[in-house]
Amino acid sequence: MSLGAKIAVITGAASGIGRATALRFSEEGASVAILDRDSLRGEAVLQQIRGRGQSAIFFPVDVSIESQVREAIVGTIAAFGGLHILVNNAAAFVFGSYDVTESDWERVLSVNVKGAAFCAKYAAEEMIRGGGGSIVNVISISGFVAQAQSLPYNTSKAALLGFNRCLAMDLAPYKIRVNAVAPGCIDTPQLRADAARAGMTYEENEALEGPLHLLNRFGRPEEVANAILFLASDDASFITGTCLMVDGGYSAK
């Protein structure tokens, strides 16, 4: 699934699934633009890619701020000469139920929904000029199932499912494919931090929630990155408007 000389923008690429995707894409020959609010980790990923002799650039970006997204997309095009792939991976993890605050709703929707829309807007403009491209949205099993005390997060991920389908329809005439992946529980820094806040070790958390997946374990970021790579590549040339479940069988139950 070589990406050849393609140019990719990956949001939330400083850690977890985004980081794994940036590393995987660069291994397959792509020039990668790393977008993330975390400058320290973002620079570390940048240096790791460049240290392997591969091409990358980093932009410290909050995707909920449209002007920052626009500047990063323009900067990517200026640095690499175009744009072929967008991976919308950045996410805000806001949990709770009916009683969450207005600021909670604003944060989760501004990043998870509006942020994806801002990135797609400016990426699609360049892809249309270039004659086509591929967008992959990272959703979650949380967009498909109900989970306790997860109302704002799950709502935002369910919204992305509709966004994915409608965007695929709108961009198909321009030879831009739009797909999504829906990960289950993945061993990321965010998951480990959530477990720690709940007073559990990673191992205790996996023992509790791993059995929710048919494969009886949590996934690895690299396993999701491989699925994203497939959807972004020309190997998926007749696939658009769909969501690939990368959930170890969680949603099959």
Side-chain angles (χ1 to χ4, degrees), residues 1-14 16-36 42 45-46 49 54-59 61 63 69-91 115-139 160 163-165 167-168 170-183 221-244 246:
M1 289 183 287
S2 172
L3 295 180
K6 290 187 177 179
I7 299 156
V9 166
I10 303 171
T11 70
I17 292 170
R19 174 182 176 274
T21 303
L23 294 173
R24 190 75 177 88
F25 275 30
S26 65
E27 288 174 355
E28 295 301 325
S31 296
V32 176
I34 302 157
L35 275 60
D36 204 288
V45 177
L46 174 67
I49 293 174
Q54 295 151 351
S55 182
I57 192 169
F58 170 63
F59 295 96
V61 169
V63 297
V69 171
R70 181 178 63 249
E71 290 169 6
I73 298 293
V74 169
T76 299
I77 296 164
F80 295 136
L83 178 58
H84 307 104
I85 300 167
L86 166 67
V87 179
N88 272 322
N89 171 71
F118 293 153
C119 291
K121 173 182 178 180
Y122 294 105
E125 289 176 352
E126 177 61 21
M127 291 177 185
I128 290 170
R129 286 191 290 267
S134 177
I135 297 173
V136 181
N137 299 301
V138 179
I139 303 182
L160 274 180
F163 170 82
N164 188 70
R165 291 169 175 163
L167 191 63
D170 290 345
L171 295 181
Y174 303 104
K175 299 181 180 178
I176 300 172
R177 297 182 300 104
V178 183
N179 291 291
V181 295
E222 294 76 15
E223 292 176 306
V224 184
N226 287 336
I228 294 170
L229 172 64
F230 166 66
L231 291 174
S233 76
D234 292 339
D235 287 353
S237 57
F238 197 55
I239 301 175
T240 196
T242 196
C243 181
L244 177 58
V246 191

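For this chain, numbers begin at 1 and follow the sequence in order. Every heavy atom of this structure was used, including side-chain atoms; hydrogens, water molecules and symmetry mates were not.
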Please find the pair of heavy atoms, one from [X] and one from [Y], that lie closest to each other, and give the distance.
X      : Y      : answer
Ala227 : Val246 : CB-CG2, 3.6 Å
Val63  : Phe118 : O-CD1, 3.4 Å
Ala14  : Ile34  : N-CG2, 4.5 Å
Ile7   : Gly81  : CD1-C, 4.2 Å
Ala79  : Ile57  : CB-CD1, 3.8 Å
Phe230 : Asp235 : CE1-O, 3.7 Å

So does [Y] get a backbone contact from the side chain of [X], meaning a donor-acceptor N/O pair under 3.5 Å?
X      : Y      : result
Thr11  : Asn89  : yes
Thr240 : Val178 : yes
Arg177 : Leu231 : yes
Asn179 : Val136 : no
Arg24  : Ile228 : no

When rounded to the nearest 0.5 angstrom, what distance separates [atom1] in [X] from [atom2] in [Y]?
X      : Y      : atom1 : atom2 : answer
Asn137 : Cys243 : CG    : SG    : 9.0 Å
Ile77  : Glu125 : CD1   : CD    : 8.5 Å
Phe25  : Ser55  : CZ    : OG    : 14.5 Å
Leu167 : Lys121 : CG    : NZ    : 13.0 Å
Asp234 : Lys6   : CG    : NZ    : 3.5 Å
Ser31  : Leu3   : OG    : CG    : 10.5 Å

Find out whether [X] and [Y] are in side-chain contact, i.e. whether some heavy atom of one side chain is under 4.5 Å from a heavy atom of the other.
X      : Y      : value
Leu244 : Ile239 : no
Ile135 : Leu171 : yes
Thr76  : Phe59  : yes
Leu229 : Thr21  : no
Pro183 : Ile17  : yes
Val45  : Ile49  : yes
Asp36  : Phe58  : yes
Met127 : Leu86  : yes

Qualifying residue, where the test is side-chain contact (heavy atoms from CB on, under 4.5 Å) with Ile139 and the options are Leu160, Asn88, Val181 |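 Running side-chain contact (heavy atoms from CB on, under 4.5 Å) over Leu160, Asn88, Val181 with Ile139 returns exactly one hit, Leu160.
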
